[in-house]
Amino acid sequence: MIVAESNTEQMMFSLQENAEIFKTYMDKRGMDNETATLNEISEKFGVSNTTAYEYVHLLKLSARLIPMVDNKVIPFGRYEMLLAFIFPKNKQNIR
């Protein structure tokens, strides 16, 4: 975790890499208080709560769709609309 925190200040990562870093951070902190954890991520990594949330939920996309977001074929802020439109609400992870 320390490596991820120090490296994000110095380097640019892909959207997927940031998503994995933020998700790992949330998993290590536990999901008891998601808002507090998003606040921590926002402060440590210099992003808004909304952006941190979008990164974490990016990993719900299939492995084939995530590179499309990385390559800007699917806009980063719009992929959740794709999930809501295409897939039933009862599915949380798309494989």
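As the structure is a computational prediction, the values presented were derived from the model and not from experiment.
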Taking atom CE of Met26 and atom OG1 of Thr37, what is their separation to the nearest 0.5 Å?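 Result: 5.0 Å between the selected atoms.
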
Hey, could you give me the NZ/CG distance between Lys23 and Asp27, rounded to the nearest 0.5 Å?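 Answer rounded to 0.5 Å: 3.5 Å.
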
Qualifying residues under side chain to side chain contact (heavy atoms under 4.5 Å, CB included), relative to Arg78, sequence neighbours excluded: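 Once residues adjacent in sequence are excluded, the partners of Arg78 under the side chain to side chain contact (heavy atoms under 4.5 Å, CB included) criterion are Pro75, Met81.
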
Among residues at least two apart in sequence or on other chains, which ones pass side chain to side chain contact (heavy atoms under 4.5 Å, CB included) with Asp70?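 Applying side chain to side chain contact (heavy atoms under 4.5 Å, CB included) to Asp70 gives Ser14, Leu15, Gln16, Ile66.
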
Once you measure the plane-to-plane angle for Phe76 and Tyr55, does it fall in the parallel (<30°), tilted (30-60°) or perpendicular (>60°) bin?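 Rings of Phe76 and Tyr55: tilted, 30 to 60°.
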
Parallel, tilted or perpendicular: rings of Phe22 and Phe45 (30°, 60°):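 Because their plane-to-plane angle lies in the 30° to 60° range, the rings of Phe45 and Phe22 count as tilted.
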
Listed partners of Ser48 passing side-chain hydrogen bond (donor to acceptor under 3.5 Å, both in side chains), at least two apart: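 Counting only residues at least two positions away or on another chain, Ser48 forms a side-chain hydrogen bond (donor to acceptor under 3.5 Å, both in side chains) with Thr51.
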
side-chain hydrogen bond (donor to acceptor under 3.5 Å, both in side chains) involving Glu43 - partner list, sequence neighbours excluded: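 For Glu43 there are no side-chain hydrogen bond (donor to acceptor under 3.5 Å, both in side chains) partners, ignoring immediate neighbours.
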
Heavy-atom closest contact (Pro67 atom, Ala63 atom, distance):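 Smallest interatomic distance, heavy atoms only, reads CD-O, 3.0 Å.
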
